[in-house]
Amino acid sequence: MKKILIIYTGGTIGMSKSDKGYIPKLDEFHAALDRIEELKNPGMPAWDIINMDPLLDSSNMTVKEWNEIGRVIADNYDAYDGFVVLHGTDTMAYTASALSFMLENNNKPVILTGSQIPLNEVRNDARDNLITALMIAADERIHEVCLYFGGKLLRGNRSTKISATGLSAFISPNYPELAVAGIEIKFNESALMKPTDKPFRLVLLENVPIGVIKIFPGIQFTLFESIMTESLKGIVIETFGTGNIPDNGEALLPIIKKAFDHGTILTVCSQCPQGTVYLGAYETSSALKDAGAVSGYDITTEAAVAKLYYLFSLGLGRDTIKARMEENLRGEMS
Ligand code: ASP
């Protein structure tokens, strides 16, 4: 019988109402878990649960908690066949992306899930998300970090939250779904990561200063000059379309050039969820390339942020980080 370790980090799935809104409540979550008879069904894998302390609304996730989750997985890697990480939806795609980089040569299913409605409410999406995530975590075909939500299994570092209220809250805009859970769970086998025989290793992340800038019409770039100092290690720029920025008013490029000269890595992503950055397709993006920015191609902002943390934590030089940002390391870009 397969053995799965559930790592409960917080999030709506285990929350209860308080006079200040939903908060994580450990006892009530465990009481709700005990009421799910299906979790004791012989058709289900055996499971243990570890509760993180403190339990978090995932808005409060930081590199520190990513490292704690990574450590729990690494410490229990040989003892379990798979892992289910119960997590808030707000930053689930960031954590899934971070874990995909941190867990080098991971061969086991690591499935993040959560819910939009708590498990202890009568009508909820938590029950199915949890039961199906447990079943998928016991499947030998999965060798990667995934996100299961609302009937879809997605590659973790390709996923993004698209609905604040809907039960089908995540999509993977630039990569096919890994499985769809209808009457049966149907895997898209050709899209799954292949197993590796290299040794598993956990890379802990350092809390390097990283920024995200979203370009908008009329943006006053000079306001950003003060943050573009040598202390900022990486910046993700969310540009228009294929990597375009305004080049007719305030000058961003000298500021970018200055940041680059300081050693800051500038990664260009697109505000469009679907499609890819193509620096040089328009005059408005050529200059970004000339200023030293790297293309994130079709990476999500979540994965770009996590990848910067990871590459800086490896202690690599700037040119290597620049080159790796444009390479596909974990299936995060096409
Ligand atoms: N704020 C919650 C969280 O991310 C939302 C959720 O879980 O759906 O922890």
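Predicted, not measured: the structure shown is a model, and the values here were computed from it. Counting starts at 1 for both ligands and their atoms, following the listed order.
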Quiz item: With a 4.0 Å cut-off, would you call Lys2 and Glu140 a salt bridge?
Solution: yes
Exercise. Using non-hydrogen atoms of the residue, decide whether Pro24 is closer than 4.0 angstrom to ligand 1.
Key: no
Quiz item: With a cut-off of 4.0 Å, which atoms of ligand 1 are near a heavy atom of Thr12?
Solution: 2 (C), 5 (C), 6 (C), 7 (O), 8 (O)
Quiz item: With the 4.5 Å side-chain cut-off for hydrophobic clustering, are Tyr80 and Leu99 part of the same group?
Solution: yes
Quiz item: Closest heavy-atom contact between Thr132 and Ala181?
Solution: CG2-CB, 4.0 Å
Self-check item: Residues Glu326, Lys322: salt bridge by 4.0 Å N-O rule
Solution: no
Quiz item: Between Glu28 and Ser16, is any side-chain donor less than 3.5 angstrom from a side-chain acceptor?
Solution: yes
Quiz item: Does an N or O from Lys161, backbone or side chain, lie closer than 3.5 Å to an N or O of ligand 1?
Solution: no
Exercise. Report yes if Thr89 has an N/O atom closer than 3.5 Å to an N/O atom of ligand 1; otherwise report no.
Key: yes
Practice problem: Run down the list Gly21, Ser58, Ser59 and name the one with the heavy atom closest to atom 9 (O) of ligand 1. | Solution: Ser58
Self-check item: Per-atom contacts of ligand 1 with Gly11, taking only distances under 4.0 Å to non-hydrogen atoms
Solution: 7 (O), 9 (O)
Quiz prompt | Considering all heavy atoms, the nearest Lys307-Glu332 contact | solution = NZ-OE2, 2.6 Å
Quiz item: Which residue supplies the protein heavy atom nearest to atom 1 (N) of ligand 1, what is that atom called, and how far is it?
Solution: Asp90 OD2, 2.7 Å
Practice problem: For Gln116, take its heavy atoms, then give the atoms of ligand 1 lying under 4.0 Å from any of them. | Solution: 8 (O)
